[in-house]
Amino acid sequence: MTTPIAEFEVAVGPRRLGGSLAVPEAAQGSIIFAHGSGSSRFSQHNRFVAAALRERRLATLLMDLLSEEEAEDRRNVFDIPLLAGRVVEAIDWAAAEPLLCELPIGLFGASTGAAAALVAAVERPQKVKAIVSRGGRPDLASHALEHVRAPTLLIVGGLDFDVLNLNRIAARRLRDARLDVVLGATHLFEETGTLEQVAALAAEWLAEKLAPRDRSERLE
């Protein structure tokens, strides 16, 4: 049986950046997507992953981290502090949004968006409970890596050699991280079945890390 999903177009944060919010019935968590390399909330790759997350009762927020004018300047795509600041604004927005405010928050970052997500998690350590990076550049988070508290899953294509090496180094610097390699995949996971693997790995990780604690744990 298909889970009922409420879908909205929203304006996120003080800059009212465009966002697509989808909330499944009885949602167990909310996932904010941090796009990278000039992508937007219309990224087909991230929308595919978001659909898989909603099947696990996770709400998804896909949003633009840059305005149209900002996106025209290619330098902004690699401005990690700028992008991280927008992710922080999205976290704060979600924490105040009535549909999401009681849900634990996870972050899903791709490419440079992964670095932005990691930096944002350091800025909001009490709110971010889990992170997934898809073909990400966690190395661009620089000194923030050692301060990330949230358990982090790094997913990289086995044929994305340079990025894979960077993720191996980053994984050793993170407190709580796992690196999963999708064999036969290049950077964008365009090979048959590889994006499906990404979606399955991300959904399993986020659903587990954001799952409600049992009563005994809540009483401790």
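Positions are given from 1, in the same order as the sequence printed here. Keep in mind that what you see is a predicted model, and the values were worked out from it rather than measured.
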(Q) Can you confirm whether more than 12 heavy atoms, excluding those of D73, are under 6.0 Å from its CG atom? (A)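 Yes.
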Q: Count the heavy atoms belonging to other residues, nucleotides or ligands that lie under 6.0 Å from CZ of R16, then report whether that count exceeds 12.
A: no
Starting at [atom1] of [X], measure out to [atom2] of [Y] and round the result to the nearest 0.5 Å.
{"X": "L179", "Y": "L153", "atom1": "CG", "atom2": "CG", "value": "8.5 Å"}
{"X": "T152", "Y": "K209", "atom1": "OG1", "atom2": "NZ", "value": "10.0 Å"}
{"X": "L206", "Y": "T60", "atom1": "CG", "atom2": "OG1", "value": "11.5 Å"}
{"X": "E190", "Y": "L195", "atom1": "CD", "atom2": "CG", "value": "9.5 Å"}
{"X": "F108", "Y": "L53", "atom1": "CZ", "atom2": "CG", "value": "7.0 Å"}
{"X": "I32", "Y": "E89", "atom1": "CD1", "atom2": "CD", "value": "11.5 Å"}

Pairwise side-chain contact, [X] with [Y], heavy-atom cut-off 4.5 Å (strictly under):
{"X": "F33", "Y": "V49", "value": "yes"}
{"X": "R178", "Y": "W205", "value": "yes"}
{"X": "L118", "Y": "L145", "value": "yes"}
{"X": "E191", "Y": "T186", "value": "yes"}
{"X": "V182", "Y": "V156", "value": "no"}

Q. Knowing that exactly one of I91, V122, V88 qualifies, which makes a side-chain contact (heavy atoms from CB on, under 4.5 Å) with V128?
A. I91
For the hydrophobic clusters of this structure (ILVMFWY residues joined by side-chain heavy atoms under 4.5 Å, transitively), does one cluster hold both [X] and [Y]?
{"X": "V132", "Y": "I31", "value": "yes"}
{"X": "F189", "Y": "V181", "value": "no"}
{"X": "V10", "Y": "L107", "value": "yes"}
{"X": "L17", "Y": "L99", "value": "yes"}

Check whether any side-chain N or O of [X] sits under 3.5 Å from a backbone N or O of [Y] as a donor-acceptor pair, and report yes or no.
{"X": "R134", "Y": "S111", "result": "no"}
{"X": "E146", "Y": "A144", "result": "no"}
{"X": "D79", "Y": "L82", "result": "yes"}
{"X": "S133", "Y": "I131", "result": "no"}
{"X": "N167", "Y": "V163", "result": "yes"}
{"X": "H35", "Y": "M63", "result": "yes"}
{"X": "D64", "Y": "L66", "result": "no"}
{"X": "R86", "Y": "L65", "result": "yes"}
{"X": "R173", "Y": "S142", "result": "yes"}

Minimum heavy-atom separation for [X] and [Y], please, with both atom names.
{"X": "S30", "Y": "L100", "result": "CB-CD2, 4.0 Å"}
{"X": "L58", "Y": "Q28", "result": "CD2-C, 4.3 Å"}
{"X": "A199", "Y": "F48", "result": "CB-CE2, 4.0 Å"}
{"X": "A202", "Y": "I155", "result": "N-CD1, 4.2 Å"}
{"X": "A120", "Y": "A84", "result": "CB-O, 3.8 Å"}
{"X": "A116", "Y": "L83", "result": "CB-CB, 3.6 Å"}

Q: Show your reasoning for whether side-chain contact (heavy atoms from CB on, under 4.5 Å) applies to L174 and L154.
A: CA-CA 11 Å; L174 289 162; L154 307 172; 4.3 Å; yes
Q. Is it true that R15 and E70 make a salt bridge, defined as a side-chain N closer than 4.0 Å to a carboxylate O?
A. no
Q | Carboxylate-amine/guanidinium contact R124 D92, below 4.0 Å | A | yes
Q | Worked verdict on R137 versus T112 for side chain to side chain donor-acceptor pair (under 3.5 Å) | A | CA-CA 6 Å; R137 289 291 309 276; T112 54; over 6 Å; no
Q | Flag for E9-S20: side-chain donor and acceptor within less than 3.5 Å | A | yes
**Q.** From CA spacing to verdict: side-chain contact (heavy atoms from CB on, under 4.5 Å), L61, F8
**A.** CA-CA 10 Å; L61 173 63; F8 312 88; over 6 Å; no
Q: Begin with the C-alpha distance, continue with both residues' side-chain angles, and end with the deciding distance and a verdict on side-chain contact (heavy atoms from CB on, under 4.5 Å) for L210 and I105.
A: CA-CA 8 Å; L210 272 60; I105 294 173; 6.0 Å; no
